[in-house]
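Lettering of chains follows the sequences in order, A, B, ..., and the numbering in each one begins at 1.
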Protein chains: 4
Amino acid sequence: MPRKVDRVARQGDILDAAVRVFARKGFAATRIEDVAAEAGIAKGSVYLYFDSRDALLTGAFELYARRTEHVLHDLGDGTGLQRLERLVRGTVDMLAAQPDYARVLLDVWASKPPLDLAALYHEYRAAIGKLLTQAAADGELRAGIDERHAAVIVGAIEGCLVQTLVDPEVSLRDLATPLVRLCVEGIRK
Amino acid sequence: MPRKVDRVARQGDILDAAVRVFARKGFAATRIEDVAAEAGIAKGSVYLYFDSRDALLTGAFELYARRTEHVLHDLGDGTGLQRLERLVRGTVDMLAAQPDYARVLLDVWASKPPLDLAALYHEYRAAIGKLLTQAAADGELRAGIDERHAAVIVGAIEGCLVQTLVDPEVSLRDLATPLVRLCVEGIRK
Amino acid sequence: MPRKVDRVARQGDILDAAVRVFARKGFAATRIEDVAAEAGIAKGSVYLYFDSRDALLTGAFELYARRTEHVLHDLGDGTGLQRLERLVRGTVDMLAAQPDYARVLLDVWASKPPLDLAALYHEYRAAIGKLLTQAAADGELRAGIDERHAAVIVGAIEGCLVQTLVDPEVSLRDLATPLVRLCVEGIRK
Amino acid sequence: MPRKVDRVARQGDILDAAVRVFARKGFAATRIEDVAAEAGIAKGSVYLYFDSRDALLTGAFELYARRTEHVLHDLGDGTGLQRLERLVRGTVDMLAAQPDYARVLLDVWASKPPLDLAALYHEYRAAIGKLLTQAAADGELRAGIDERHAAVIVGAIEGCLVQTLVDPEVSLRDLATPLVRLCVEGIRK
DNA sequence: GATGAATGAGAATTCATTCAT
DNA sequence: CATGAATGAATTCTCATTCAT
């Protein structure tokens with residue numbers, strides 16, 4: 001794979017540059033030229049790898065989503081709640097590890113169409129839903145816990161992210177443990 | 001002498017129109033002319049009441065914040081956890097009651113304007129922090145609950161909102177009870 | 001003359017206000033609203049007395065021209081050069097006495113059509129031409145002085161005005177005597 | 001690699017086009033699009049070379065000033081009055097040779113931009129002042145000639161220009177000789 | 001007559017996208 | 001492949017002018 005790899009690598013470079021700029025000034029205020037400058041290439045060259053400005057945001061999100069996926073799957077063994085705890089903490093760690101990509105989520109949420117956010121979150125809720133089922137089977141849950149709690153847990157994670165993005169006073173890593181505890185104890189029998 | 005206009009009322013009308021359009025197409029895709037049309041006035045007239053396009057977003061948020069504030073204060077009597085429950089449910093109800101304004105939050109988060117979001121959320125966390133203190137005094141909390149949990153609770157609320165905005169499949173009202181339960185049981189002794 | 005006088009007086013008031021503003025910020029940067037504010041009336045009221053923004057500049061110039069005319073005629077008795085000296089000095093005094101109107105000349109020169117500047121200056125040159133003829137008859141002039149010198153003398157006056165308007169370091173009153181001397185000695189036999 | 005453009009040359013082309021349009025319709029009535037059309041480029045391309053519409057006026061004036069400077073310095077040998085005569089005539093010739101740039105002076109005078117007109121005229125007066133000093137040393141001047149006469153001479157030149165710009169009936173070249181004579185004989189002993 | 005809210009034509013400016021080199 | 005000059009559609013914002021009260 002000779003050319004192909006180069007192409008993908010270059011796309012990745014540009015996307016990383018774009019994400020850095022997005023995180024710094026927001027998508028709305030980011031010009032193609034800013035991204036090009038950050039990537040160290042010429043403005044026109046961005047179009048060799050991306051179809052449009054919007055494609056940069058889309059691409060950034062997809063890259064983020066891909067890097068994120070493993071958190072849902074590498075949960076190891078244990079009870080449902082143990083594995084849920086790992087999922088929550090793993091997600092927070094992942095977000096904290098790449099704050100720029102996390103910041104871009106705000107722009108993604110505010111943006112319109114071609115991003116299948118619903119699918120991503122659906123998948124997320126489904127993964128948590130499975131853990132809840134397992135935990136229920138393990139007899140760990142109190143009564144009345146259902147798939148809506150999956151949405152609440154996903155929400156709690158994202159919401160903590162919002163807090164830290166909007167108020168620098170709040171640190172995502174600091175919130176990890178309280179968040180995990182709330183999610184786990186909040187449903188435990 | 002031309003009719004004396006109620007500036008504040010007119011500003012409110014325009015802001016409401018703006019919020020409807022923002023909710024429909026997002027702030028980024030909204031043109032001043034769209035807002036004017038929605039408000040039934042001429043493009044230039046918007047500028048009689050707002051300095052700039054950004055001022056519409058800022059104004060919308062501030063109006064939202066003002067309408068929201070009471071949720072933090074009208075919590076009635078009861079134990080800390082009872083009052084916390086009311087706060088969480090009240091916030092969700094308020095958000096569910098004005099979904100357009102809620103949608104604008106996404107644009108506000110993504111924007112850079114001179115909006116003191118940090119102050120708003122700080123206030124929110126402080127209000128919850130006080131309830132946690134009361135609950136602790138009432139002996140309702142398990143050990144290790146501190147002000148970080150206030151951030152987590154605020155986050156959980158906002159995060160649920162994000163879920164419902166990003167995925168129409170999820171309904172905010174449906175999440176209200178699970179969210180309240182998670183927040184309350186997640187910290188109860 | 002009941003209404004008529006009021007109307008003319010009001011026009012004069014507005015014109016004076018306009019000239020003050022023009023002198024302060026230049027015609028290009030002056031808004032109808034600025035003039036109204038300076039005159040202490042409402043924006044719309046300006047249109048009760050003037051047809052358009054341009055009409056203010058036109059009106060200002062015409063008022064200036066009217067106030068100026070007498071300088072050409074009240075020259076008293078004496079030789080041609082004596083009367084020329086009075087004309088030059090009288091013009092400078094008149095300009096120095098109403099610096100705001102003088103400043104507006106710059107905008108008038110730069111403006112386009114409906115102002116018959118050519119006629120004004122033609123009249124000016126004709127008046128000076130007559131004095132030159134008289135002076136020639138009086139035997140005061142050296143050979144070769146003709147109507148072109150009238151243009152040069154008018155130019156010298158206006159040019160001194162430009163100097164003082166463009167460079168505050170130069171005072172019109174200071175230039176009066178040297179200017180008069182140059183104009184008179186420059187053509188004397 | 002796109003052709004490397006000579007920025008300065010291109011700026012000059014645009015400036016020349018701008019000056020033609022300014023001379024034709026005046027700065028106030030000139031739109032960026034007019035300039036672009038005259039230069040044979042697209043509206044937006046003007047902004048690749050100039051920051052704003054005002055910058056065109058500023059740039060035009062500076063170009064004019066640069067092209068003009070040499071008149072002050074290449075005066076050759078001779079007595080003070082001989083050299084003064086050359087200066088005056090040289091200036092008139094220069095103005096007559098580029099009537100469009102001369103017309104723009106009217107707009108420059110009326111404008112407020114960050115143009116250091118005062119400095120330019122100061123330099124002009126200083127140059128003439130030096131010639132007056134020399135002429136005085138050469139014993140060519142009558143008593144009472146000082147630096148104020150330098151201002152008057154500069155004024156006379158500019159004023160003649162105004163005459164010709166404001167009244168097409170008057171030709172700058174026709175005024176050259178009378179102007180020179182007035183300036184020289186007006187101060188000669 | 002006076003007012004000032006409303007209008008909307010018009011202009012400056014920006015910037016994503018294209019394409020000749 | 002890369003570049004960056006050029007384009008022009010799109011948008012914000014201004015302000016002269018109108019007119020209902």
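Straight-line distance from the CG atom of L48(C) to the P atom of dG4(E): 13 Å, rounded to whole Å. Summarising the geometry, the separation between CG on D34(B) and C1' on dT11(F) is reported as 11 Å, rounded to the nearest angstrom. In this structure, R10(D) atom CZ and dA5(F) atom C1' are separated by 8 Å, rounded to whole Å. Distance OH (Y49(B)) to C1' (dA6(E)): 8 Å, rounded to an integer number of Å. Rounded to whole angstrom, the span from the CZ atom of F50(B) across to the P atom of dT11(F) amounts to 21 Å.
Listed by residue number, the members of residues 12-24 of chain A with any heavy atom below 4.0 angstrom from DNA chain E form an empty set.
Under the 30°/60° scheme for interplanar angles, the aromatic rings of Y64(B) and Y101(B) are found to lie parallel.
The strand DNA chain F forms stems, runs of 3 or more Watson-Crick or G-U wobble pairs with distances below 3.5 Å, at E:2-21 with F:2-21.
In terms of heavy atoms, L48(B) sits closest to R7(B) at O-NH2, 2.9 Å.
Interatomic distance, CG of L165(A) versus CD of E158(A), reported as 10.0 Å (0.5 Å rounding).
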What does the B/S/- profile of nucleotides 9-16 of chain E look like, 5' to 3', with a 4.0 Å heavy-atom cutoff to protein?
BBSSBBSS
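A salt bridge does not link R53(D) to D107(D): none of the charged side-chain nitrogens sits closer than 4.0 Å to a carboxylate oxygen.
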